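The next block holds one structure in the form of structure tokens; read it before the comments.
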2 protein chains.
Amino acid sequence: MPQTSPKTSVRERLLCAADRLFYNEGIRAVGIDRVLVEADAAKASLYSHFGGKDELIATYLSRRVQASRDNIDAFVADIPAAERAYRVFDFVIAWTESSDFRGCPLQHVVSELPSADHPARAVAAEQRQYLLDQFSSWSRAAGVRDVEQTAGALMVLFDGAVAAAEQDGSQRARDARWLAERLIRGG
Amino acid sequence: MPQTSPKTSVRERLLCAADRLFYNEGIRAVGIDRVLVEADAAKASLYSHFGGKDELIATYLSRRVQASRDNIDAFVADIPAAERAYRVFDFVIAWTESSDFRGCPLQHVVSELPSADHPARAVAAEQRQYLLDQFSSWSRAAGVRDVEQTAGALMVLFDGAVAAAEQDGSQRARDARWLAERLIRGG
DNA sequence: GGTTGTATATACAGACCGGTCTGTCTGTTG
DNA sequence: CAACAGACAGACCGGTCTGTATATACAACC
């Protein structure tokens, strides 16, 4: 997520600032005034583009989620479908090794905003469905015996890799990849 | 965590109130005035027993963590050491099925308090070490070939079970148990 | 009674919170 | 030129945040 140039629209500047601050410091830890200073924007602009902080949060998460999907889709594009279920964990490893990795924004939202009717929660739920659909599809392509069970286990591994890496470092993403490969290929 | 009686010490009342509110609503979402009202306590008592909110948070997490250890230790006490690594996930399943389950308090702390020097973060780090030690010990007792790799994978499964269950429900803890057993017993 | 330890009620300070509003400015278009 | 859209600065609102300070109350003990 690059720094914005002066010519960037105020909406984009707000979203970039929110992205940096919310992800690195926490959603509730960062008030809108900090977002505004970081974005060099006026408060009225924030309320004009987003009804309020809640919608800014939901849009921030939506963009994070969309970027994640695009990255995953691009990563697996040249990988045979039968190998994607475990080789996608190479993507997770790279992510957890990146200097700006601080865990999963979706998990953060779920932690910080427990209310099921927060607009960001719908974004989170939709991403869960996407991931499950992918893992199911890839499990089927790998020819596993129990697609539903395997896809569920892969969801666990995916979440666990990211959560554990946030605390213990990227070795946990490697651990997850090791187990995912054993799960798919046996042995 | 039961309701406190009028005879309970103010420190205990504060901790019980903090426990309920922080866990259910989020640490930053709950200000100390809400803790005080819930505990029927005066502000000076809070500052007298805990230097401030940060120490209250650290103590809340420490108690959660200690309770978790006690529960796990009690749960596995009558289980042969060779079976603990996967049968501990029955404990996780029961936890994720309980009506007051809302994910892992330790993961919440890591999400909400990114600063490594927050007092609660030391509590979190110490609990990671305890879990790794347990999984290593149980993996060794199970006779697995690569103890370190297996323990790491179990850490991923543990974290993943809890994080995924917070979002998708307790079926994910069952998925984790299924994979943990396959990992330990093969097949 | 006096002393001690604990807890309380209350006021305050300064900073911050999300949101609303008004007036002004700038660049673009017809 | 006028009109407009977008963005801005700044004031304001009521409320909340954490922490500090003071006087008082109460129970237990000697």
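A, B, ... follow the sequence lines: proteins, then strands. Residue 1 opens every chain. Only a predicted model underlies this, so the values are computations on that prediction, with no experimental measurement involved.
Closest to the side chain of A/Lys43, from the set D/dA7, C/dT8, C/dT20, is C/dT20. Closest to the side chain of B/Tyr47, out of D/dG19, D/dA7, D/dC8, is D/dG19. For B/Ser9, the listed nucleotide lying nearest its side chain is C/dA7; candidates were D/dA7, C/dT8, C/dA7.
As a whole-Å value, the separation of B/Asp33 CG from C/dC17 C1' is 14 Å. Residue A/Arg34 contributes atom CZ, which lies 12 Å from atom C1' of C/dC16 at whole-angstrom precision. In this structure, B/Leu36 places its CG atom 14 Å from C1' of D/dT20, rounding to the nearest Å. Between the CD atom of A/Glu12 and the P atom of D/dG6 there is a distance of 16 Å, rounded to whole Å. The CD1 atom of A/Ile32 sits 13 Å away from the P atom of C/dC16 (whole-angstrom rounding). Here D/dT18 presents its C1' atom at 11 Å from CD1 of B/Ile57, a figure rounded to the nearest Å. Summarising the geometry, the separation between NE2 on B/His49 and P on C/dT6 is reported as 8 Å, rounded to the nearest angstrom. As rounded to whole Å, 13 Å separates atom C1' of D/dC8 from atom CG of A/Leu46.
Counting only N and O atoms by type, the side chains of A/Arg69 and A/Gln127 include a donor and acceptor under 3.5 Å apart. Between the side chains of B/Gln134 and B/Arg84, no donor-acceptor pair of N or O atoms lies under 3.5 Å.
Side-chain atoms of A/Glu38 do not come within 3.5 Å of backbone N or O of A/Ala17 as any donor-acceptor pair. Checked by atom type and distance alone, the side chain of A/Ser137 never pairs as donor or acceptor with a backbone atom of A/Asp133 at under 3.5 Å.
If you find the closest nucleotide of DNA chain C to A/Ile27 and to B/Ala42, the one lying nearer the 5' end belongs to B/Ala42.
In this structure, A/Phe50 and A/Tyr60 have side chains that are not in contact, with every pair of non-hydrogen atoms separated by 4.5 Å or more.
At C/dT8, one or more side-chain N or O atoms of B/Arg13 fall inside 4.0 Å of OP1 or OP2 (strictly under the cut-off).
Heavy atoms of A/Ala41 sit under 4.0 angstrom from primed sugar atoms or phosphate atoms, though from no base atom. At a threshold of 4.0 angstrom between heavy atoms, the contacts of B/Asp54 with the nucleic acid are absent.
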